[in-house]
Amino acid sequence: MAEWNAAKPKNAVAAWVEERLPILSLVNNVVGVDTPTPRNLNYWWNFGSLAGLMLVVQIISGVVLAMHYTPHTSLAFDSVERIMRDVNYGWLIRYMHANGASFFFIAVYTHIFRGLYYGSYKAPRELLWMLGVVIFLLMMATAFMGYVLPWGQMSFWGATVITNLFSAIPVVGESIVTLLWGGFSVDNPTLNRFFSLHYLLPFVIAGVVILHLWAKKISDSGNPLGIDVKSNADQIPFHPFYTIKDAFGAGVFFFVFAAFIFYMPNVLGHPDNYIPADPMVTPASIVPEWYFLPFYAILRSITFDIGIPFTDIVFIPAKLLGVLAMFASILVWLFLPWLDTSKVRSGKFRPTFRWFFLFLVIDMFVLTVVGGKKPEGIWPLVGLIGTAYYFAYFLVILPLLGKIEKTLPLPESIANPVVKAAE
Amino acid sequence: MKLVKNIAIALTAAVGLAGASFAAGAAKHPMQLEWSFEGPFGQFDMQSAQRGWQVYKQVCSNCHSLKYFHFRNLADLGYEEDMIKAWAAEYTVIDGVDDAGDPKERPGLPQDVFPAPFPNPEAAAASNGGAVPPDLSLMSKARHDGPNYIYSLLTGYEDAPADHEMPAGKSYNPYFPGGAISMAPPLAEGVVDYEDGTAATAEQMSKDVVMFLTYVAEPKLVDRHHMGLKVLMFLGILTIVLYLSMKKIWKPIKSGRNVYEDK
Ligand code: HEM
């Protein structure tokens, strides 16, 4: 497994620093010349570095926004408009930050689904994967609280709906909600604590990203074939090969990102958030940002209690069950390394798995659509079916499939990807 | 550009946002117009925006505030400094207190916000049958398909269908969610005497006021479009260079070289 190479810089100053603080070695060994990496990584492997870049974009743009933003219910909306109108290039910074959140999620969702297809969560990368799940949860919290800051109608009502969910938790639910609100409704104290946490959490994310990369160093990158590295011939140094490939990927990604910032900066947002928050007026429909919609759909798909049929005895009321389902839909990822019983990592060699995986991806898109609709007509049913498939995939299909699926023969090695059986 | 816009709309629809938004009330879908500010090269039509300013000032400002709009912003619409000063001076603004502690009044200055017609929402509601006329600064962005929506709203008043019960003081407008709006039709032919001699039909005034309000909602739109072009060109070239470098650097790897052994 991963070995550590000390850097020997020729530059005297670098050598002096390196002797006292081996920071160069650190970089070299994680994403540098001393990081042997499988030679066959495809473009799906670009999205990890893209997510990292988006974190940097969010932190830099966010710190500048925070210099001009005022976290007070009577000033927040105005301060954002001041940023848009009177701060030099304020419009650019704000549109970068608001669209940056979306592009951060695009990168991370792609990164996660890459992992789901290629079995990146399997031994020895369980912790690497679980740290990724932690990052995703922190991101969701950060983005949710960030969306509250401009204090528009969707900010206010989104915060009200989502914080209210916690009241479904038995015994402590109401106290948790009061704690989140800092009072008895979403109000100034809520905005203040959300701002504080919105500033803090991205740095916590950065910390977990470091652990994530450390775990990546120890267990090495996976690869599309899902087989272990066998010899030097299977590997190439990360730098310059993957640095240039990541840079090219970043060029493409940022091109699309810029097209949104400059030409459709509000397409991904909701117009109601340009109306100042008003606790007396409920918007016609309260919809979260697009990246929360699949989980919102799961939440709302549960409309039945669990209890003893034909009696009034209810063990779990529908609201609580919905909340549990929503949290479980992400927490289940933590158990994935043990739920998937197949010895073969890559979906490439799992012909049946591939179909179920494809349905899961489609299911996510369907749930996204359902999450944005009012729960009327056909949509609750579609949502329920989507939710059922989502959980079935993780809790039933993956455990069973690994036991019964006939996988394809694995190639001999990465450098020599000829199928053994074919020889 | 229509293409880009259509793709954008399709994308939004795909992620379900559009569906969610149009679910609100069974309002009529807005009429679709061509606007000069749309598209990657979109700009404001200055003549139209100037006329729109006249419409706002003479009609809408009787009821609607424009709280993010300063007189100085009129320079962006091509007005001269002394004209802006003169307009601002037509209004009286309150600026701090005098030595006796009484509010001090002075004529408006270019840095002042355009004065609101009512001192507070209660006063606004009292004069408008209980409905508060919303601030118009962001209206063009605060409704789905804002520019088309405002245009349709202003020109779309009709007689209420026989089966549609109308509360007193409301007017029927099929583009407004619910159909019954507390704003009486504000524009009738000729209510404004255009300085440039354009015929002031309701359609013309509506188009012009939308042009003006879209400028107020997104004053940096033209800068944004210009900068976007440069940024995209830069990123495009950079990406091509990175692609060619990548191909070059990877060439030996693609032909099977083992970096660690055959040095
Ligand atoms: C994980 C990284 C981050 C994500 C995903 C994120 C997400 C968001 C989102 C979705 C908004 C609402 C944007 C809008 O609609 O206007 C927002 C606003 C804001 N964020 Fe962040 N953010 C991140 C990091 C940061 C950091 C590190 C800071 C400060 C140091 C920050 C400061 C702000 C401020 C001041 C606002 C309010 C201004 C505005 O709404 O435009 N953000 N953030």
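Residue numbers start from 1 in every chain, and the chains themselves are labelled A, B, ... in the order their sequence lines are given, proteins ahead of strands.
Contact of Asn266(A) with chain B is made through the side chain alone, with heavy-atom distances under 4.5 Å. Proximity to chain B (any heavy atom under 4.5 Å) is restricted, for Ile261(A), to the backbone atoms N, CA, C and O. Residue Asn273(A) does not touch chain B at all, counting heavy-atom pairs closer than 4.5 Å. Neither the backbone nor the side chain of Gln153(A) has a heavy atom closer than 4.5 Å to any heavy atom of chain B.
Under the 4.5 Å side-chain criterion, counting only non-hydrogen atoms from C-beta, Asn73(B) is not in contact with Arg85(A). You'll find the side chain of Trp250(B) reaches within 4.5 Å of the side chain of Ile244(A), heavy atoms only.
The distance from the NZ atom of Lys245(A) to the CD1 atom of Ile253(B) is 11.5 Å, given to the nearest 0.5 Å. Rounding to the nearest 0.5 angstrom, the gap separating the OG1 atom in Thr243(A) from the CE atom in Met246(B) is 11.5 Å.
Within residues 98-109 of chain A, no residue approaches chain B closer than 4.5 Å by heavy atoms. Near-neighbour residues of residues 211-239 of chain B relative to chain A, defined by a heavy atom under 4.5 Å from a heavy atom of that chain, comprise Val216(B), Ala217(B), Glu218(B), Pro219(B), Lys220(B), Asp223(B), Arg224(B), His225(B), Met227(B), Gly228(B), Leu229(B), Val231(B), Leu232(B), Leu235(B), Gly236(B), Thr239(B).
Of all the heavy atoms in Tyr260(B) and Ile236(A), the pair that sits closest is OH-C, 3.6 Å.
Heavy-atom neighbours of Tyr243(B) OH from other residues, nucleotides or ligands within 6.0 Å: at or below the threshold of 12.
Applying the side chain to side chain donor-acceptor pair (under 3.5 Å) test to pairs two or more places apart or on separate chains, those with a residue in residues 125-136 of chain B are Ser65(B)-Asp135(B), Asp135(B)-Ser137(B). Within the structure, side chain to side chain donor-acceptor pair (under 3.5 Å) contacts touching residues 33-42 of chain A (residues at least two apart or in different chains) are Asn40(A)-Asn223(A), Asn42(A)-Tyr118(A).
Annotation: maximal heavy-atom pairing with chain B below 4.5 Å, among Ala415(A), Ser231(A), Pro265(A), Gly249(A), occurs at Pro265(A). With chain B as partner, the option from Ala250(A), Pro36(A), Gly152(A) having the largest number of non-hydrogen pairs under 4.5 angstrom is Pro36(A). Between chain B and the options Ala258(A), Ala247(A), Pro240(A), Pro237(A), heavy-atom pairs under 4.5 Å are most frequent for Pro237(A).
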